[in-house]
Amino acid sequence: MQATRVQLADGVYLTYLPARKFKTSLLSAQFVTPLRQETASAWALLPAVLRRGTVRYPDLETLSAQLDRLYGASVEYTIRKKGENQCVGFVASFIDDSFAPGGEKLLEPAADLVGELICDPVTERGRFVGAYFDSEKTNLIDAIRSQINDKRDYAAARLLQEMCAGEPYGVSRLGDEKTAEKLQMKKLYAQYGELISTARLELFYIGSAQLDRVRRALANAFATLPRDGIRDIAAAAPHPARAEVRTITEELDVTQGKLCMGFTCGSSDHTALLLGNTLFGGSSNSKLFLNVREKLSLCYYASSAYHRQKGLITVSSGIEFADYQRAYDEILRQLEAVQKGRLEDWEMSGARSTLLNAYASMGDSQGKLENFYLGQAATGQTESPEDLAAQLRDVTDERVFRAMETVGLDTVYFLKGKEAAE
């Protein structure tokens, strides 16, 4: 699938992905703004408030009725973190025109609705509707508090928070509870004006409509979008490696320990590091999964992720409290095996095949395509899935081992039960 990226206005870009294989079209509008602790919660709250209504459709009832008139279309708000940028906006899904009853055109009214949610929200006395603000602020605080309920995700987030303390990458996409509680409606409305005026707007369309028609529909839908002093997206700065490993231990009422380990990568060979991480812990055929989890039964789960924009690899595992040192040592032993090239004959080809299949299947999902191209746009990258697959085919075993040899342990986070500390 050949993507076309065009500029529609100052700081407004469209990524056009023509596709006739889907019965629905996808339209996404995402503001990309530098991730900051002091504004993260405000930006996370904003799309939820905007989703409550427009001037033409001032409440959820009338908004839902309009979506029903569009044959059950949907518009959901999104809050994502890409590199050191926060991406907030809406994703709409509606019947593709080639499948619409009676040849009805749905792109234009769907685009208009998304444009109204952003440019023409319902207000009272020159600010957001108080009941909507209060309700969505409560929902945001509840969402922030509930993150601790999923201990696996909580521990992985705490690792990044501690490892990247003082860096935007350590900030949660939802912000923090203390900041969220202080949000005020009048200030949020002013921040809303700032965001839609100065933040880059990335638009994505996946469907059968021709590019010129999509451009016209979006130009009309966002004709009143203010543009003034557009800010650049934030370029992620590599995390500086520590001279000594930092270890953080936290105690909660849990029955299973969470051992998370953060590593810095000294190489800029991203393709080699991606493949090396897949060997290490990035798939169900990785060394962490097959050895630490399956063979040695030291972990309930064990996996790793490569954070390209920050030059990091993070490991997430669930263990018995008493197995901390054994699991810790074995994870490092498996990393060393990758660094030294101690692999079975099938491991390199298997890891490469896993990634190639992931790139090849991306075109089967509109959601995956939109998320991928948003990540590229928000981090200043231009490669397509096909480009990345080609790079992956060319990377040699030696490059992988050389890149992985630069990987070093930086931060360890261990979540254990309170009884284990006694």
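Numbers for residues simply follow the sequence, beginning at 1.
- A 4.5 Å side-chain heavy-atom check between Leu8 and Leu218 finds at least one atom pair inside the cut-off.
- Between Gln86 and Thr33, the side chains place no donor N or O within less than 3.5 Å of an acceptor N or O (distance only, hydrogens not considered).
- The residues Glu136 and Arg51 are annotated as not salt-bridged, no charged nitrogen and carboxylate oxygen being separated by less than 4.0 angstrom.
- Two residues are said to be in side-chain contact when any heavy atoms from C-beta on lie closer than 4.5 Å; Leu201 and Tyr13 fail this criterion.
- The pair Glu330-Arg326 fails the salt-bridge criterion, with no side-chain N (NZ, NE, NH1 or NH2) lying under 4.0 Å from an Asp/Glu carboxylate O.
- Ionic pairing of Glu405 and Arg402 is not present here: no N-O contact between side-chain nitrogen and carboxylate oxygen is shorter than 4.0 angstrom.
- Under a 3.5 Å cut-off, the side chain of Arg227 and the backbone N or O of Ala199 do form a donor-acceptor pair.
- Checked by atom type and distance alone, the side chain of Asn85 pairs as donor or acceptor with a backbone atom of Ala234 at under 3.5 Å.
- Checked for salt-bridge contact, Glu250 and Lys258 miss the test: no charged N lies under 4.0 Å from a carboxylate O.
- Aromatic ring centres of Tyr324 and Phe414: separated by under 6.0 Å.
- Of the possible polar contacts, one joining the Ser197 side chain to the Gly193 backbone as a donor-acceptor pair under 3.5 Å is found.
- No side-chain donor from either of Gln210 and Arg213 sits under 3.5 Å from a side-chain acceptor of the other.
- A salt bridge links Arg200 with Glu202: the distance from a Lys NZ or Arg NE/NH1/NH2 to an Asp or Glu carboxylate oxygen falls below 4.0 Å.
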For Asp176 and Arg145, run salt bridge (Lys or Arg N to Asp or Glu O under 4.0 Å): C-alpha distance rounded to whole Å, both residues' side-chain angles, the deciding distance at 0.1 Å, then the answer. CA-CA 9 Å; Asp176 64 279; Arg145 288 173 177 167; over 6 Å; no
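- When only modelled atom types and interatomic distance are considered, Asp96 and Thr24 share no side-chain donor-acceptor pair under 3.5 Å.
- Counted by atom type alone, Arg231 and Thr198 present one or more donor-acceptor pairs between their side chains at under 3.5 Å.
- For the residue pair Arg242 / Thr411, a side-chain donor-acceptor distance below 3.5 Å is found, with atom types taken as modelled.
- Using modelled atom types, one finds no donor on one side chain facing an acceptor on the other under 3.5 Å when comparing Gln37 with Thr179.
- Counting only N and O atoms by type, the side chains of Asn149 and Ser146 include no donor and acceptor under 3.5 Å apart.
- Between Glu383 and Arg308, at least one side-chain nitrogen of the basic residue sits less than 4.0 Å from a carboxylate oxygen of the acidic one, meeting the salt-bridge criterion.
- Salt bridge absent: Lys137 and Asp134 never bring a charged side-chain N and a carboxylate O closer than 4.0 Å.
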Yes or no on ring-ring contact (aromatic ring centres under 6.0 Å, His included) for Phe128 and Tyr189, after CA distance, side-chain angles and deciding distance? CA-CA 6 Å; Phe128 293 127; Tyr189 190 75; 4.9 Å; yes
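- Between Tyr306 and His270, the angle of the ring planes lies from 30° to 60°, which puts this pair in the tilted group.
- Under a 4.0 Å N-O distance rule, the pair Asp269/Arg399 qualifies as a salt bridge.
- A donor and an acceptor atom, one from each side chain of Gln325 and Asp329, are located under 3.5 Å apart.
- A donor and an acceptor atom, one from each side chain of Ser384 and Asp387, are located under 3.5 Å apart.
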